[in-house]
Amino acid sequence: GQQMWVGPALEKCENGGYSDPPCPPVPLIPDSFQSASLQCTPNCMDYGALGVLHVTDDEIIPGAVYDVQLIECSSDFGNEANYSDPFTISTAIWGDVVKDCTQTPCEPPDGLTGIVDVTAVLEKFKNLPSAVIKSRADLDMNVPDWLVNITDVTFCLDTFLGFTYPPFGWDGPGGCP
C-alpha cells in the first residue's frame, strides 16, 4: 500500500563496494552496473536510457508483486491522470539468486532456493570469474552496501536450510510519511 519513488541512479563497480568508476576489470561480465534505491520524494531522470537498473532497498520484499508507474518530469505529480497505466513486476523469492551458473553471465532466478544459489553467492564472496553478478548476491537488505560478505552467504545458506524471510535481526522497512 505504499508509494515510493526510485532515487538517483549511481554507477557502481562490480568489485568494490561503494566505489565508483573507473572500475577494476572483471572477467566475463561488465565492470560496473547502474543502481538506485527508493526514496520518498520524486527524482527526475530518464531511467530508460540507462539500460538495466538494479533497485535495492529494505522496502523491497522478496517474492512480492509491485505496480510501477511512469510520469513525465514536467507533469503535475499530484494529478493521477498524468501517470502511466501501472505495469506489474515481481521480485525473486528470498535467497533465489540464479537458476544456473554453468555459463556466464549466470541465468536469472528460477523460483527455487537451492545449492546452486548458495554456491553462486559463495563464488561471488570469493570474486571468482564465473560468479553471479553482485546485485543478485548482496542479500543483506538492511545494508545494501554493494559488498558480498559472510552475512550475505549466511542469509543464502539459511534460506537453503529452510529459514524463512525475514531473517533474524532484520529491522523492517521504514516507509515514507
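Just the heavy atoms: all of them, side chains too, but no hydrogens, waters or symmetry mates, feed the values below. Here, residue 1 is the first one in the sequence, and each next residue gets the next number.
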**Request:** Check Trp146 against Thr56 and note the closest heavy-atom contact, atom names and distance.
**Result:** CZ2-CG2, 3.3 Å
**Prompt:** Can you name the residues that form a disulfide bond (SG atoms under 2.5 Å apart) with Cys156, not counting sequence neighbours?
**Reply:** none
**Asked** Do Leu122 and Leu128 pass the side chain to side chain contact (heavy atoms under 4.5 Å, CB included) test, and can you show the C-alpha distance, the side-chain angles, and the key distance before you say yes or no?
**Response** CA-CA 9 Å; Leu122 277 169; Leu128 298 180; over 6 Å; no
**Pairwise distance CZ(Phe125) to CG(Leu147) - rounded to 0.5 angstrom** = 10.5 Å
**Message:** Test of understanding: clusters of I, L, V, M, F, W, Y form through side-chain heavy atoms closer than 4.5 Å, transitively. Do Leu139 and Leu161 belong to the same one?
**Reply:** yes
**Prompt:** Under a single-linkage definition using a 4.5 Å side-chain heavy-atom cutoff for Ile, Leu, Val, Met, Phe, Trp and Tyr, are Leu28 and Val121 assigned to the same hydrophobic cluster?
**Reply:** no
**Fill in**
So salt bridge (charged side-chain N to carboxylate O under 4.0 Å, His left out) across residues 85-110, not counting sequence neighbours, yields none
**Request:** Kindly indicate whether the side chain of Tyr66, heavy atoms from C-beta on, has any atom under 4.5 Å from the side chain of Ile61.
**Result:** yes
**Message:** Applying the side chain to side chain contact (heavy atoms under 4.5 Å, CB included) criterion to Thr154, which one of Asp152, Leu157, Asp158 satisfies it?
**Reply:** Asp158
**Asked** Quick one: are Gln39 and Met4 in side-chain contact, heavy atoms under 4.5 Å?
**Response** no
**Asked** Looking at CD1 of Ile89 and CZ of Phe87, how far apart are the two atoms once the value is rounded to the nearest 0.5 Å?
**Response** 6.5 Å
**Prompt:** Would a line drawn from the ring center of Phe163 to the ring center of Trp94 be shorter than 6.0 Å?
**Reply:** no
**Prompt:** Taking all atoms of both residues into account, what is the closest heavy-atom pair of Ala9 and Leu50, and its distance?
**Reply:** CB-CD1, 3.3 Å
**Asked** Got a second to check how far Thr159's OG1 is from Asp117's CG, nearest 0.5 Å?
**Response** 9.0 Å
**Request:** Decide yes or no for Thr113 and Val118: does some side-chain heavy atom of the first lie under 4.5 Å from some side-chain heavy atom of the second?
**Result:** no
**Message:** Applying a strict under-4.5 Å side-chain criterion to I, L, V, M, F, W and Y, I'd like to know whether Val52 and Val132 cluster together.
**Reply:** no
**Message:** Counting C-beta onward and ignoring hydrogens, is there a side-chain heavy-atom pair between Lys124 and Asn15 closer than 4.5 Å?
**Reply:** yes
**Complete:** Closest non-hydrogen atoms of Cys73 and Met45, given as atom of the first, atom of the second and distance, are SG-N, 3.8 Å
**Asked** How far apart are the closest heavy atoms of Gly63 and Thr91, and which atoms are they?
**Response** N-OG1, 3.0 Å
**Request:** Please examine the side chains of Ile133 and Glu14, heavy atoms only from C-beta on, and report whether any two atoms are closer than 4.5 Å.
**Result:** yes
**Prompt:** Taking atom types as modelled, is there a side-chain donor on Thr151 or Asp140 under 3.5 Å from an acceptor on the other?
**Reply:** no
**Prompt:** Nearest heavy-atom pair of Cys101 and Ala120: which atoms, and what distance?
**Reply:** SG-CB, 4.2 Å
**Prompt:** Just one of Ser35, Ser135, Ser37 clears the side-chain hydrogen bond (donor to acceptor under 3.5 Å, both in side chains) bar with His54, so which one?
**Reply:** Ser135
**Asked** Of all heavy-atom pairs between Pro109 and Val97, which one has the smallest distance, and what is that distance?
**Response** CG-O, 3.7 Å
**Prompt:** What is the distance from atom CZ of Phe155 to atom CG of Asn149, rounded to the nearest 0.5 Å?
**Reply:** 9.0 Å
**Asked** Leu38 versus Val55: any side-chain heavy-atom pair under 4.5 Å?
**Response** yes
**Asked** What distance separates Ser84 OG from Glu72 CD, expressed to the nearest 0.5 Å?
**Response** 10.0 Å
**Request:** Kindly work out whether a path of hydrophobic side-chain contacts (I/L/V/M/F/W/Y, heavy atoms less than 4.5 Å apart) joins Val6 to Ile60.
**Result:** yes
**Asked** Can you hop from Ile115 to Val153 via hydrophobic side chains spaced under 4.5 Å?
**Response** yes
**Prompt:** Side chains of Gln103 and Ser130: closer than 4.5 Å at any heavy-atom pair?
**Reply:** no
**Message:** To the nearest 0.5 Å, what is the distance between CG on Leu70 and CG on Asn82?
**Reply:** 12.5 Å
**Message:** Is the shortest side-chain heavy-atom distance between Tyr83 and Phe77 below 4.5 Å?
**Reply:** yes
**Request:** Go through the side-chain N and O atoms of Ser32 and Glu11 and say whether any donor and acceptor fall under 3.5 Å apart.
**Result:** yes
